[in-house]
S.K.: 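Supplied in structure tokens, the structure appears directly below.
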Amino acid sequence: MTKPHILQVGPYPEWDQGPLDASFHMHRYFEAVDKAAFLADVGPQIRGIATRGELGANAAMIAACPQWEVNSVYGVGYDAVDLEAARARGIRVTNTPDVLTNDVADLGVAMMLVQSRGMIGAEAWVRDGSWAAKGLYPLQRRVWGKRAGVLGLGRIGFEVAKRLTGFDLEIAYSDVGPKEYAKGWEYIADPVALAARSDFLFVTLAASAATRHIVGSEVIAALGPSGMLINISRASNIDEDALLAALEDGTLGSAALDVFEGEPKLNPRFLALPNVLVQPHHASGTYETRQAMGKLVRDNLTAHFAGQPLLTQVA
Ligand code: 8YV
């Protein structure tokens with residue numbers, strides 16, 4: 001059987017590329033200089049798209065691939081895939097849930113600790129000789145015993161909340177409705193009210209058109225001058241202009257962010273702010289997790305072309 005032609009939107013680690021090239025005819029969109037010409041050339045043969053959470057598959061790609069059957073996302077978030085176009089054409093879409101949940105939750109909690117305790121500055125304080133020259137490092141903010149809000153108590157939100165109980169934090173959450181697995185954590189339907197009763201607000205909900213800017217100026221102001229916003233979901237869940245303005249004028253105390261609009265070309269205003277911890281969208285970035293994500297991408301593609309049920313289908 002001829003190997004199915006796959007449009008590869010972005011790079012994958014070598015341990016994935018080898019097996020993919022062995023099983024499929026991979027067309028590397030990310031290496032193409034003239035992307036439109038590349039799509040016009042290879043598009044007619046493409047039966048599958050292999051992409052990443054933050055890259056997705058846009059309308060131009062989809063329009064160029066008349067034989068497109070399946071879209072396999074390396075990531076749990078598939079908000080960057082044009083789902084409407086996929087559904088209209090009966091395209092099957094898969095993602096990589098569960099295998100990354102704990103790593104993403106770990107990084108979210110770590111970001112809260114690093115930012116609250118000023119560990120980036122403390123590291124520099126030692127390395128640049130300030131400790132010897134200036135003495136003790138300035139005092140920071142306590143974490144344990146404070147109040148945490150979790151916006152989106154799905155798989156990742158649940159694991160974040162579970163970890164926060166280990167720090168004796170008082171947990172409350174918002175979601176479309178109360179969750180039976182919420183271990184007695186307080187359900188607060190309104191994100192503004194959740195922010196108002198929180199010292200730390202974690203944004204963990206799956207991004208969609210419905211959640212766009214769910215964290216806007218009202219939520220940010222409610223979190224307040226001593227509050228911290230932590231985002232390990234998608235930048236689109238937050239009104240970034242409102243966030244930047246609030247961080248610059250002190251309406252919001254601080255933020256710890258792993259995702260940005262237009263990433264990796266984030267707004268340079270973030271880089272000028274001392275009260276923001278910036279991270280390069282690596283919440284799922286461990287060898288163990290990425291190997292599991294890569295295997296799921298391959299297994300879903302293999303299952304599709306073998307006429308088998310998909311492992312992790314979302315559409
Ligand atoms: C990326 C993510 O997929 O899971 C998601 O939705 O955004 C990430 O895990 C990962 O960074 C690889 O691109």
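Just so you know, ligand 1 is whichever comes first in the structure, and atom 1 is the first atom listed for that ligand. Just so it is clear, the model here is predicted, and its values are computed rather than measured.
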S.K.: Record the part of Leu100 in heavy-atom contact with ligand 1 below 4.0 Å; permitted values are side chain, backbone, both and neither.
M.R.: side chain
S.K.: Counting heavy atoms only, which part of His282 comes closer than 4.0 Å to ligand 1: side chain, backbone, both or neither?
M.R.: neither
S.K.: State which residues pass salt bridge (charged side-chain N to carboxylate O under 4.0 Å, His left out) with Glu240; sequence neighbours excluded, sorted by chain then number.
M.R.: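 Checked Glu240 against salt bridge (charged side-chain N to carboxylate O under 4.0 Å, His left out); zero matches.
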S.K.: Would you mind listing which atoms of ligand 1 come within a distance below 4.0 Å of any non-hydrogen atom of Glu54?
M.R.: 1 (C), 3 (O), 10 (C), 11 (O), 12 (C), 13 (O)
S.K.: Please list, in number order, the atoms of ligand 1 under 4.0 Å from a heavy atom of Gly53.
M.R.: 3 (O)
S.K.: Between Tyr74 and ligand 1, which residue portion shows a heavy-atom distance shorter than 4.0 Å: side chain, backbone, both, or neither?
M.R.: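 The answer is both.
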S.K.: Taking the side chain from Arg89 and the backbone from Ile62, do they hold a donor-acceptor pair closer than 3.5 Å?
M.R.: yes
S.K.: Need the ligand 1 atom indices (1-based, order shown) with element for anything under 4.0 Å from a heavy-atom of Arg234.
M.R.: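 Result: 2 (C), 5 (C), 6 (O), 7 (O).
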S.K.: Give me the ring orientation class for Phe270 and Phe260: parallel if the planes are under 30° apart, tilted from 30 to 60°, perpendicular past 60°.
M.R.: perpendicular
S.K.: Return the residue, atom name and 0.1 Å-rounded distance of the protein heavy atom closest to atom 7 (O) of ligand 1.
M.R.: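 Result for atom 7 (O) of ligand 1: His281 NE2, 2.7 Å.
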S.K.: Under 4.0 Å from any heavy atom of Arg290, which atoms of ligand 1 are there?
M.R.: 10 (C), 11 (O)
S.K.: May I ask you to list the atoms of ligand 1 that are less than 4.0 angstrom from any heavy atom of Gly77?
M.R.: 4 (O), 5 (C), 6 (O)
S.K.: Give a yes or no answer on whether the side chain of Lys179 reaches the backbone of Gly154 with a donor-acceptor pair at less than 3.5 Å.
M.R.: no
S.K.: Checking side-chain hydrogen bond (donor to acceptor under 3.5 Å, both in side chains) between Arg47 and each of His5, His25, Glu69, which is the one that passes?
M.R.: Glu69
S.K.: Assess whether a salt bridge exists between Asp21 and Arg28, defined as any Lys/Arg side-chain N lying under 4.0 Å from an Asp/Glu carboxylate O.
M.R.: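 Salt bridge: yes.
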S.K.: When the ring planes of Trp185 and Phe158 are compared, do they come out parallel, tilted or perpendicular, using 30° and 60° as the limits?
M.R.: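 Rings of Trp185 and Phe158: tilted, 30 to 60°.
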S.K.: Look at the side chain of Asn231 and the backbone N and O of Leu257, then say whether any donor-acceptor pair between them is shorter than 3.5 Å.
M.R.: no
S.K.: Identify the protein heavy atom lying closest to atom 9 (O) of ligand 1, giving its residue, its atom name and the separation to 0.1 Å.
M.R.: Ser284 OG, 2.7 Å
S.K.: Would Val76 count as a polar contact of ligand 1, with the cut-off being nitrogen or oxygen pairs under 3.5 Å?
M.R.: yes
